[in-house]
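Okay, structure first, notes after.
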Amino acid sequence: MRYDLVIFDNDGVLVDSEPISNRLLAAYLTELGHPTSYEDSIRDYMGSAMHRIHDLVLERTGERLPDEFDDVFHRRVFDAFERELKPVGGAVDVLERLAGAGVPYCVASSGSHERIRVGHRTTGLDRWFDEARVFSSQDVGRGKPAPDLFLYAAERMGAAPGRCVVVEDSPLGVQAAVAAGMDVYGFTAMTPAERLSGATQLFSDMGELADLLM
């Protein structure tokens with residue numbers, strides 16, 4: 001194994017949540033008077049912490065999103081997760097391979113701890129992630145593309161940044177991993193490869209990942 005720690009992004013890498021959450025985000029922003037298509041949401045917000053959505057809307061329109069925005073959005077997302085959410089194809093196999101080989105791994109997500117946990121419980125991935133393996137942008141001051149979250153996860157897991165690899169599917173996540181001094185494998189199932197061009201390596205099938213890492 002070339003790395004001491006594998007750090008997974010969550011949405012779109014472990015749980016197939018990006019189509020659900022971006023569909024709902026686009027609809028909610030449009031409902032609030034900020035016309036947004038699904039494609040707009042993927043391009044502008046995929047991989048973002050919630051504060052980035054607020055910041056971009058304010059920057060572009062001069063208007064603040066309502067105070068209840070986060071709560072309403074998460075309620076809609078969690079309801080949809082209960083009906084629709086599945087693991088990313090191949091994710092369970094990768095986790096089984098890493099666990100079986102004794103390779104340390106964790107998840108570091110822009111999503112809240114509650115969002116991570118709801119997604120993992122719904123898909124059965126919670127068996128692979130105890131509390132010590134779960135890190136959220138809530139744990140640090142700045143979300144991706146700042147490196148803070150990945151550096152925090154590495155510190156808590158006892159790994160040097162240069163010995164970590166991040167598995168990401170968003171440009172913001174790739175930028176954060178590079179800024180943290182970590183290798184990053186870009187998952188291109190939903191994101192065009194050219195948008196992840198800063199990655200150490202690109203791959204399109206999660207089932208390939210264990211062999212690439214090991």
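Model, not experiment: these values are computed from the prediction.
By the 4.5 Å heavy-atom criterion applied to side chains, H113 and V134 are counted as neighbours. No side-chain heavy atom of L5 sits less than 4.5 Å from a side-chain heavy atom of R163. Side-chain atoms of V15 and F81, non-hydrogen and from C-beta on, never get closer than 4.5 Å to each other. The closest side-chain heavy-atom distance from V88 to L14 is not below 4.5 Å. A 4.5 Å side-chain heavy-atom check between F8 and L95 finds at least one atom pair inside the cut-off.
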Can you list the steps and then say if R76 with D79 is a salt bridge (charged side-chain N to carboxylate O under 4.0 Å, His left out)? CA-CA 5 Å; R76 294 180 183 185; D79 287 347; over 6 Å; no
CA sep, side-chain torsions, deciding dist, call: M214, L98, side-chain contact (heavy atoms from CB on, under 4.5 Å): CA-CA 9 Å; M214 301 170 68; L98 293 178; 4.1 Å; yes
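In terms of hydrophobic clustering, with Ile, Leu, Val, Met, Phe, Trp and Tyr side chains grouped at heavy-atom distances under 4.5 Å, L125 and V103 are assigned to a common cluster. L149 is connected to V174 through a chain of hydrophobic side-chain contacts under 4.5 Å among Ile, Leu, Val, Met, Phe, Trp and Tyr, so both are in one cluster. Under the 4.5 Å side-chain heavy-atom criterion for grouping Ile, Leu, Val, Met, Phe, Trp and Tyr, L212 is connected to V94 within one hydrophobic cluster. Hydrophobic cluster membership is shared by W128 and L85, with clusters built from Ile, Leu, Val, Met, Phe, Trp and Tyr side chains linked at under 4.5 angstrom. Hydrophobic cluster membership is shared by V118 and V92, with clusters built from Ile, Leu, Val, Met, Phe, Trp and Tyr side chains linked at under 4.5 angstrom.
Nearest approach of G198 to V178, heavy atoms of both residues: O-CG2, 3.7 Å. M206 and G89 get closest at one heavy-atom pair: CB-O, 3.2 Å. Contact record, G143 with S137: CA-CB, 4.3 Å, taken as the closest heavy-atom pair. Q175 approaches P145 most closely through the heavy-atom pair OE1-CB, 3.6 Å. Among all heavy-atom pairs drawn from A177 and V184, the shortest one is CB-CB, 3.7 Å. The two residues A146 and A176 come nearest to each other via the heavy atoms O-CB, 3.4 Å.
One finds the CG atom of L25 at 11.0 Å from the NE2 atom of H34 (value rounded to the nearest 0.5 Å). The distance from the OG atom of S109 to the CD1 atom of I7 is 12.5 Å, given to the nearest 0.5 Å. To the nearest 0.5 angstrom, Y28 atom OH is 12.5 Å from T36 atom OG1. The structure places CD1 of I116 at 9.5 Å from CZ of F129, a figure rounded to the nearest 0.5 Å. Interatomic distance, L24 CG to F73 CZ, rounded to the nearest 0.5 Å: 6.5 Å. With values rounded to the nearest 0.5 angstrom, Q201 atom CD is found 13.0 Å from L196 atom CG.
For the side chain to side chain donor-acceptor pair (under 3.5 Å) condition, the pairs that include at least one residue of residues 176-199, sequence neighbours left out, are R2-Y185, Y3-D183. Listed by first and then second residue, the salt bridge (charged side-chain N to carboxylate O under 4.0 Å, His left out) pairs that reach into residues 202-213 are R97-D211, sequence neighbours excluded. Counting only residues at least two apart or on different chains, the salt bridge (charged side-chain N to carboxylate O under 4.0 Å, His left out) pairs with a member in residues 50-70 are D44-R60.
Side chain of D139 to backbone of S136: a donor-acceptor contact under 3.5 angstrom is found. The backbone N or O of Y105 sits less than 3.5 Å from a side-chain atom of R133, completing a donor-acceptor pair.
With respect to the salt-bridge test (charged N to carboxylate O, under 4.0 angstrom), the residues R117 and E131 qualify. A salt bridge is defined here as a Lys NZ or Arg NE, NH1 or NH2 lying under 4.0 Å from an Asp or Glu carboxylate O, and D9 with K144 meets this definition.
Through side-chain heavy atoms spaced under 4.5 Å, either directly or across other Ile, Leu, Val, Met, Phe, Trp or Tyr residues, L58 is tied to no other residue.
Taking H120 as the reference, N10 meet the side-chain hydrogen bond (donor to acceptor under 3.5 Å, both in side chains) condition, with sequence neighbours excluded. Take S21 and apply the side-chain hydrogen bond (donor to acceptor under 3.5 Å, both in side chains) test, not counting sequence neighbours, and it matches R115.
With R23 as the fixed residue, the salt bridge (Lys or Arg N to Asp or Glu O under 4.0 Å) test singles out one of E84, E18, E39: E84.
In this structure, F150 has its ring center at least 6.0 angstrom away from the ring center of F135.
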